[in-house]
Colleague: 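This is the structure, below, for whatever I ask next.
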Amino acid sequence: MKKVYLSGRMSGLPEHFWRVRFAIKADWLRTFGHDVVNPANTVIAKHQWLYRIVGYRLTLAYDLWLLRHCTHIHMVGDDWQQSKGARLERMKARQWGIKELK
């Protein structure tokens with residue numbers, strides 16, 4: 001079974017938009033039997049007050065830790081290139097030999 005990390009743009013978009021976008025993609029991948037790691041469902045992502053305390057860098061470090069334990073990465077949306085975090089996650093996935101699921 002593939003363990004797939006979802007990566008995509010969140011910053012600059014309405015929260016309800018990226019939450020729904022990631023949830024739909026996660027559900028779609030699960031229909032094919034994949035185990036999905038959705039960073040939009042982490043405790044930090046679910047609670048904006050916690051994100052304000054933890055900050056962007058520690059949140060991204062945690063997301064990279066989650067990615068490191070996956071076999072695949074899937075880029076969500078056509079605008080993921082506009083996200084520094086998504087570009088970094090994709091670059092690290094390539095460095096670590098994590099395959100991209102298209």
Colleague: Taking the cut-offs as 6.0 angstrom to the six-membered ring centre and 45 degrees off its axis, would you call R68 and W96 a cation-pi pair?
Modeller: yes
Colleague: So, R21 side chain and G77 main chain: donor-acceptor pair closer than 3.5 Å or not?
Modeller: no
Colleague: What's the separation between atom NZ in K3 and atom NE2 in H69, rounded to the nearest 0.5 Å?
Modeller: 7.5 Å
Colleague: What's the separation between atom OG1 in T31 and atom CG in L29, rounded to the nearest 0.5 Å?
Modeller: 7.5 Å
Colleague: Search all heavy atoms of V4 against all heavy atoms of I73 and return the closest pair with its distance.
Modeller: CG1-C, 4.3 Å
Colleague: To the closest 0.5 Å, what do you measure between CG (D78) and CZ (R9)?
Modeller: 12.0 Å
Colleague: So which atom in F22 and which in P39 form the shortest heavy-atom distance, rounded to 0.1 Å?
Modeller: CE2-CG, 4.1 Å
Colleague: Hey, does M10 have a side-chain heavy atom less than 4.5 Å from the side chain of F17?
Modeller: no
Colleague: Before giving the answer on side chain to side chain contact (heavy atoms under 4.5 Å, CB included), spell out for R19 and K46 the whole-Å C-alpha distance, their side-chain angles and the decisive distance to 0.1 Å.
Modeller: CA-CA 9 Å; R19 283 200 186 282; K46 286 183 178 182; 4.3 Å; yes
Colleague: Show the numbers, then the answer: is there a side chain to side chain contact (heavy atoms under 4.5 Å, CB included) between E15 and Q48?
Modeller: CA-CA 10 Å; E15 183 178 346; Q48 287 298 311; 4.0 Å; yes
Colleague: To check you understand the geometry: which heavy-atom pair defines the closest contact between A40 and A45, and what is its length?
Modeller: O-CB, 3.6 Å
Colleague: How far apart are the C-alpha atoms of L60 and E89, what are their side-chain angles, what is the distance that settles it, and do they pass the side chain to side chain contact (heavy atoms under 4.5 Å, CB included) test?
Modeller: CA-CA 9 Å; L60 184 58; E89 289 168 345; 3.9 Å; yes
Colleague: Got a second to check how far R90's CZ is from L67's CG, nearest 0.5 Å?
Modeller: 12.5 Å
Colleague: State, yes or no, whether a side-chain contact exists between L6 and V36 at a heavy-atom distance under 4.5 Å.
Modeller: yes
Colleague: To the nearest 0.5 Å, how far apart are CE in M75 and CH2 in W80?
Modeller: 4.5 Å
Colleague: Would you call K92 and D63 a salt bridge, taking side-chain N to carboxylate O under 4.0 Å as the test?
Modeller: no
Colleague: Could you grab the distance from atom SG of C70 to atom NZ of K99, nearest 0.5 Å is fine?
Modeller: 14.0 Å
Colleague: Does the R87 side chain pair with the main chain of Q81, one donor and one acceptor, at a distance under 3.5 Å?
Modeller: yes
Colleague: Okay, side chain of H74, backbone of L101: is any donor-acceptor separation there less than 3.5 Å?
Modeller: yes
Colleague: Please state whether the rings of W49 and H47 are parallel, tilted or perpendicular, taking 30° and 60° as the class boundaries.
Modeller: tilted
